[in-house]
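Naming: A, B, ... by sequence-line order, numbering from 1 per chain.
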Amino acid sequence: MNAQQNTLEIKNLTVEYVVDDEVVHAVTGVNITIPAGKTFGLVGETGAGKTTTALSILNLLPLPAGRIVSGEIFVNGQDVFKLSPKQLRAMRGSQVAMVFQDPMSSLNPIKTVGEQIAEGMKIHRGVSAKEALRQAANMLEMVGIPGGRVSEYPHQFSGGMKQRVIIAIALACNPDILIADEPTTALDVTIQAQVLKLIRELREKSPMIMLMITHALGVVAEVCDFVGIMYAGRIVECGTLADIFDNLRHPYTRGLFDSLPDIENRRAELKPIPGLIPDPMNLPPGCAFHPRCAYAKPECSRDLPQVRWLSDTHYVSCHLYNETVENML
Amino acid sequence: MQATSTARPFTTKKEFYAQFKKKSIAHELWLRFLKNKTAVMGLIIFCIIVVVAITAPWITNYDTVVIKMNIAERLQAPSMNHWFGTDELGRDILARIVYGARVSLLIGISAISVSLMVGLVLGGAAGYYGGKTDSVIMRGTDVFLCLPDVLLALAIIAAFGNTKLNLTIAIGLAFSPKFSRVVRSAVIGVRDNEYIEAARSIGALDKRIISRHVLPNSIGPIIVQVTLYVANAILTIAALSFLGLGIQPPTPEWGNMLASGRTYMRDFPHIVMAPGLAIFFTILALNLLGDGLRDTLDPRLKH
Amino acid sequence: MNSLGEILLEVKNLKKYFHVAAGTLHAVDDVSFTLEEGRTLGIVGESGCGKTTLGRTILRLIEPTSGEMVFNGKDLRKLNTSEMRYMRREMQIIFQDPYSSLNPRMTIAETIEEPIFLAGLIPDSDKRFMRVLDLMDTVGLAQRLINTYPHELDGGRRQRVGIARALAMNPKFIVCDEPVSSLDVSIQAQILNLMKTIQRDMGITYLFITHDLSVVNHFSDDIAVMYLGRLVEKAPSEALFQKPLHPYTEALLSAIPVARIHNRHERILLKGELTSPINPEPVCRFAARCNQCMDICTKEEPPLIEARPNHFVACHLHKPMGS
């Protein structure tokens with residue numbers, strides 16, 4: 001098997017949107033490496049740049065506004081930005097599949113779910129229509145829906161089932177990489193539990209790697225191996241699950257965890273992060289988080305913090321760690 | 001979060017408003033409109049037509065030039081004396097075009113104003129209240145929608161006589177059900193927003209909700225339709241006049257100019273070209289304007 | 001504030017049915033509870049449980065099919081339109097979507113001023129404006145924002161405008177319909193803290209509707225769980241979280257994603273999907289999905305009983321106290 005199979009490497013990605021002569025710095029200098037079989041959780045709030053990062057992987061940025069300024073993305077060792085449109089099309093859906101947030105608008109209402117699952121198979125694997133439909137029924141069973149429903153239309157399914165159908169479509173061609181953009185946010189919590197369990201089971205059975213985009217740390221704890229925390233277009237902290245959950249270092253990461261209501265301790269007042277998410281057209285100088293940071297020092301408003309490796313797996317981008325790797329929070 | 005109030009630099013509302021000015025929505029929309037080149041062109045052409053129509057009495061004399069027959073000069077091709085040439089009765093075509101604009105615009109705009117009033121009331125009620133009110137009003141308008149505009153106008157003119165007023169009313173009536181539909185769907189588009197429910201929850205009466213909350217937010221599509229329907233109305237007037245049912249000669253109207261010039265079309269094409277182009281450019285201008293307005297007011301393009 | 005602790009709202013057998021093509025949709029089906037002044041009752045449930053309809057029906061923004069809502073001793077259903085409008089000063093609502101709950105053509109000062117103006121509380125224009133500024137202070141909006149339009153503000157600020165509008169007439173009771181669900185996590189905490197402070201300072205009673213259990217635990221004194229239009233459990237928050245009685249509540253609590261990698265518990269997963277709220281059978285509506293379903297559950301609808309002191313549940317697994 002190709003040693004490069006099932007790998008995703010994003011190197012120094014910088015993406016801008018140009019709207020009405022104003023520049024939005026959506027993503028700046030993002031580095032993500034996902035080894036085979038692992039799941040990477042990209043965490044951030046609105047405007048952090050997570051979806052833009054995901055869309056860049058398949059070169060799906062909205063034109064003409066979106067512009068990849070610099071960086072490289074290697075899918076299974078191939079540089080995505082150097083591929084011809086034909087090669088890109090071949091890659092989408094077969095090597096890299098994407099699951100979007102809103103199940104309602106991701107499905108074509110006038111085609112049966114079987115047809116939609118089979119579509120990818122016909123395009124990428126050259127399977128006959130009849131065979132593809134049969135395999136579509138199998139896919140439905142795999143995501144927990146009776147195979148007989150393959151000839152039904154999307155409106156006949158509930159929200160949770162629609163999301164499963166979308167996962168079935170994404171997995172139909174056995175992709176090496178699955179990108180899931182907030183796959184469970186629109187679902188009820190009990191349905192979310194079912195879908196997350198499904199995702200976990202599918203992951204255990206296959207060497208597929210997954211990029212999971214979410215704002216919910218609880219979801220990350222459930223399905224991810226690695227975590228990257230994004231703020232204003234940059235990854236401010238990145239590491240294994242244990243690194244982030246047990247040993248977090250960045251003040252924003254601390255703020256995110258502190259904002260969550262603690263089920264065990266309900267009387268405590270919530271500790272929100274003061275201030276607002278910065279305007280991507282008008283980012284603060286130096287570290288974009290410094291206006292909201294309780295640990296801000298003079299250099300934070302002047303210089304961009306460099307990436308500091310705290311261990312083999314854990315890095316943070318914060319002036320607190322310029323001299324030391326000890327926990328400064 | 002502050003527990004005590006912050007210092008107040010002023011004491012009256014006026015002073016505060018002077019310091020923290022309101023951003024003018026109209027101004028921003030205007031700037032956005034200006035970016036659309038074809039729409040601006042449409043606006044300019046339409047303005048020219050309107051100005052020409054208004055200043056017609058100063059450009060040329062109605063009695064001596066527009067309707068006075070002058071057989072000696074008939075059927076002349078365009079020249080320095082007569083920029084568009086003369087018609088079959090020797091009248092200056094340009095002068096007649098200019099006065100024709102008055103008629104078309106006056107009746108077109110009046111008729112659509114009437115339709116708009118009716119449409120706002122009927123469509124607004126149907127859209128806002130829904131249920132039985134909606135059904136009754138919509139079935140009523142359906143009846144009228146079945147009748148072609150020309151036939152309806154014909155019926156009214158045949159019954160009540162062929163006057164400018166009757167023509168205006170006829171066209172106004174023909175377009176009312178169309179407007180009711182437009183207003184109704186615009187209102188329905190806004191009705192389910194939570195701020196409407198919020199208005200009810202703070203005790204606003206229906207009248208206030210409709211005037212303050214529903215209409216200002218649904219006016220966009222309605223304005224667009226106004227421009228497009230004015231174009232339609234002008235075309236309908238021309239059609240009626242062409243058929244001999246609308247404005248009667250010698251009063252110049254682009255449609256009846258086309259009708260009377262028809263027999264001479266082969267040898268003297270300039271007679272029909274002028275009114276034809278006049279109609280063409282007016283409709284074009286209004287359509288470009290309408291499309292431009294639609295793009296400008298599209299809520300999805302807002303931030 | 002000496003009326004704190006007295007019953008402010010009493011909901012009795014409230015029903016709201018909608019007539020749809022397929023039959024009758026039981027959106028809210030025979031819901032009863034009481035709410036004391038100054039306290040917060042959380043209403044939780046997933047989509048289709050009827051919590052949003054319940055909130056609006058209590059305020060008569062939707063007319064109930066049957067049942068009673070007694071607010072401050074007055075039966076709301078018996079009031080005529082103008083009496084109801086007058087009553088609205090005391091009972092307000094904060095909406096979920098900060099984008100569609102504000103009129104895009106009104107500045108935020110105009111939006112906050114409108115209720116005061118309509119109620120005729122402050123006839124003088126300048127004094128009324130000062131009150132608007134006071135309200136903006138209370139919710140943490142800077143003065144310079146008076147003439148901004150909603151589209152110029154972010155979700156958190158818009159929601160603050162919605163809160164200011166709800167507070168404008170000094171209400172006693174506010175229905176909060178998922179007030180923070182559309183906001184980012186860091187902003188959610190800000191808004192929740194704000195709402196708690198307002199409650200403390202003004203003695204307001206909240207009906208807090210949400211699907212987010214971690215938030216409702218933090219924010220409510222008592223919690224009521226709804227499923228397919230029915231109230232299936234109601235208890236003080238701590239009691240509900242520590243010892244849930246209804247199998248649905250158990251599943252709901254275990255489904256909450258926990259931001260922790262150690263001590264993770266095994267999830268209780270529900271079978272199947274929500275049954276239809278249209279023409280439901282008079283049996284336990286949760287029976288089809290319940291892992292503790294008994295024979296009687298498929299034959300009889302369980303009534304709401306008090307199984308522990310102040311802990312109500314509608315489930316055949318439990319018997320009323322003292323029996």
Pick one of side chain, backbone, both or neither for [X], based on which atoms fall under 4.5 Å of a heavy atom in chain A.
{"X": "C:I261", "result": "both"}
{"X": "C:D154", "result": "side chain"}
{"X": "C:L253", "result": "neither"}
{"X": "C:L269", "result": "side chain"}
{"X": "C:V185", "result": "both"}

Any donor-acceptor N/O pair, C:Q190 side chain to A:G275 backbone, under 3.5 Å: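 Such a contact is found between C:Q190 side chain and A:G275 backbone.
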What do you reckon, is CD of C:E152 surrounded by more than 12 foreign heavy atoms closer than 6.0 Å?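 Atom CD in C:E152 is packed in, count exceeds 12.
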If you draw a 6.0 Å radius around NZ in A:K38, do more than 12 non-hydrogen atoms from other residues or ligands fall strictly inside?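 No, because the 6.0 Å sphere around NZ of A:K38 holds 12 heavy atoms or fewer from other groups.
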Please identify, among [options], the residue contributing the most non-hydrogen atom pairs under 4.5 Å to chain C.
{"options": "A:L260, A:L217, A:T190, A:I273", "answer": "A:T190"}
{"options": "A:L241, A:L276, A:I277", "answer": "A:L276"}
{"options": "A:V220, A:V219, A:D246, A:L256", "answer": "A:D246"}

So which atom in A:Q194 and which in C:L270 form the shortest heavy-atom distance, rounded to 0.1 Å?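 Reported closest heavy-atom pair: NE2-O, 2.7 Å.
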For C:A255 versus A:A193, what's the shortest heavy-atom pair and its separation?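 In this case the closest contact between C:A255 and A:A193 is CB-CB, 4.0 Å.
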How many angstroms lie between atom CD of A:Q192 and atom NE2 of C:H211, to the nearest 0.5 angstrom?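 The NE2 atom of C:H211 is 8.5 Å from CD of A:Q192, to the nearest 0.5 Å.
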Based on non-hydrogen pairs under 4.5 Å, which of C:P257, C:S186, C:A251 is most in contact with chain A?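 Winner by heavy-atom pair count: C:S186.
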Report the C-alpha distance between C:K196 and A:L270 in whole Å, list the side-chain angles of each, state the deciding distance to 0.1 Å, and finish with yes or no for side-chain contact (heavy atoms from CB on, under 4.5 Å). CA-CA 10 Å; C:K196 248 194 173 170; A:L270 293 175; over 6 Å; no
Is any side-chain heavy atom of A:P272 less than 4.5 Å from a side-chain heavy atom of C:N193?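 Result yes, sub-4.5 Å side-chain heavy-atom pair found.
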